[in-house]
Amino acid sequence: MLSKASRLTAAEVREILRVGRSVRSASLSAKYVSGPGAKAAVVVSSKVAKTAVLRNKLRRAAYRTLRPLLPSKIHLVLFLHKPILDTSEVTLLCSKLT
């Protein structure tokens, strides 16, 4: 899990969705903007995982994978499109951000 200071607020997420740049892979997509410090949010739709327990497990796994990979000075919103998280895909997606 990311620390509270490293997670985006709801207002920041809305702003990134409005003006951010997109990057996509097979089962992940992301919107990002440059900003002070490194912050992230992970979104898992109820269409991907029906139960809140599974959505939260996926979200926590994504945060755990993102922590060492998050580029500095990037605010990132990561979207999962499949109920399985591939860490190599997250690594590839983060390398595309810079």
Side-chain angles (χ1 to χ4, degrees):
M1 196 71 173
L2 292 175
S3 67
K4 180 101 172 158
S6 296
R7 283 181 274 162
L8 292 169
T9 64
E12 290 172 325
V13 170
R14 280 191 293 273
E15 182 66 19
I16 292 169
L17 293 179
R18 192 173 65 77
V19 299
R21 297 181 59 182
S22 297
V23 103
R24 188 167 174 87
S25 67
S27 65
L28 300 169
S29 64
K31 282 224 170 200
Y32 66 97
V33 296
S34 60
K39 287 187 168 189
V42 177
V43 177
V44 182
S45 171
S46 60
K47 289 181 181 180
V48 173
K50 296 294 180 194
T51 65
V53 173
L54 186 54
R55 285 194 304 272
N56 288 333
K57 280 183 182 180
L58 288 168
R59 191 175 294 119
R60 284 187 209 109
Y63 276 129
R64 204 173 21 254
T65 304
L66 262 179
R67 189 182 338 191
L69 300 173
L70 195 60
S72 60
K73 299 186 180 181
I74 294 284
H75 290 185
L76 171 77
V77 180
L78 183 70
F79 299 94
L80 276 68
H81 299 292
K82 293 190 179 175
I84 298 170
L85 181 68
D86 185 11
T87 57
S88 63
E89 239 181 297
V90 175
T91 305
L92 181 67
L93 195 75
C94 285
S95 68
K96 289 181 182 180
L97 297 178
T98 56

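Note that the structure is a prediction, hence the values are computed from the model and not measured. The basis for the numbers below is simple: all heavy atoms, side chains too, and nothing from hydrogens, waters or symmetry mates.
I16 and V44 sit in two unconnected hydrophobic clusters of ILVMFWY residues. Membership requires side-chain heavy atoms under 4.5 Å apart, directly or through other members. Cluster annotation: L78 and V48 are assigned to the same hydrophobic cluster (Ile/Leu/Val/Met/Phe/Trp/Tyr, side-chain heavy-atom contacts under 4.5 Å, transitive). V19 and V43 fall within the same hydrophobic cluster, where Ile, Leu, Val, Met, Phe, Trp and Tyr residues are linked whenever their side-chain heavy atoms come under 4.5 Å apart, directly or through other members. Cluster membership check: V77 does not share its hydrophobic cluster with Y63, using side-chain heavy-atom separations under 4.5 Å among Ile, Leu, Val, Met, Phe, Trp and Tyr. Cluster membership check: L2 does not share its hydrophobic cluster with V13, using side-chain heavy-atom separations under 4.5 Å among Ile, Leu, Val, Met, Phe, Trp and Tyr.
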Derivation of the side chain to side chain contact (heavy atoms under 4.5 Å, CB included) call for R18 and E15 | CA-CA 5 Å; R18 192 173 65 77; E15 182 66 19; 2.9 Å; yes
Give the intermediate values and the outcome of side chain to side chain contact (heavy atoms under 4.5 Å, CB included) for residues V23 and L28.
-> CA-CA 9 Å; V23 103; L28 300 169; over 6 Å; no
Mind running side chain to side chain contact (heavy atoms under 4.5 Å, CB included) on F79 and L17 for me, showing each step along the way?
-> CA-CA 11 Å; F79 299 94; L17 293 179; 3.3 Å; yes
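Note that CG of L93 is 11.5 Å distant from CG of D86, once rounded to the nearest 0.5 Å. Put simply, CG on L58 and OG on S45 are 11.5 Å apart, with the number rounded to the nearest 0.5 Å. Atom-to-atom distance recorded for K39:NZ and S6:OG is 8.0 Å, nearest 0.5 angstrom. Summarising the geometry, atom CG belonging to L85 is positioned 13.5 Å from atom CZ belonging to R60; distances are rounded to the nearest 0.5 Å. Distance check, rounded to the nearest 0.5 Å: CD of E12 to CZ of R7 gives 12.0 Å. How far SG of C94 is from CD1 of I74: 9.5 Å, rounded to the nearest 0.5 Å.
The main-chain N or O of K50 is found under 3.5 Å from a side-chain atom of R55 such that the two form a donor-acceptor pair. A distance-only check finds no donor-acceptor pair linking the side chain of E89 to the backbone of S25 [under 3.5 Å]. A donor-acceptor pair under 3.5 Å is formed between the side chain of H75 and the backbone N or O of P36.
Surrounding CZ of R21 are at most 12 heavy atoms belonging to other residues, nucleotides or ligands under 6.0 Å away.
Closest heavy-atom contact between A40 and L66: CB-CD1, 4.1 Å. Between A62 and L80 the shortest heavy-atom distance is CB-CD1, 4.3 Å. What you find for G20 and K31 is that their closest heavy atoms are O-NZ, 3.8 Å. Here the shortest heavy-atom pairing between P71 and A38 reads O-CB, 3.4 Å. The two residues T65 and L69 have their closest heavy-atom pair at O-CD1, 3.4 Å.
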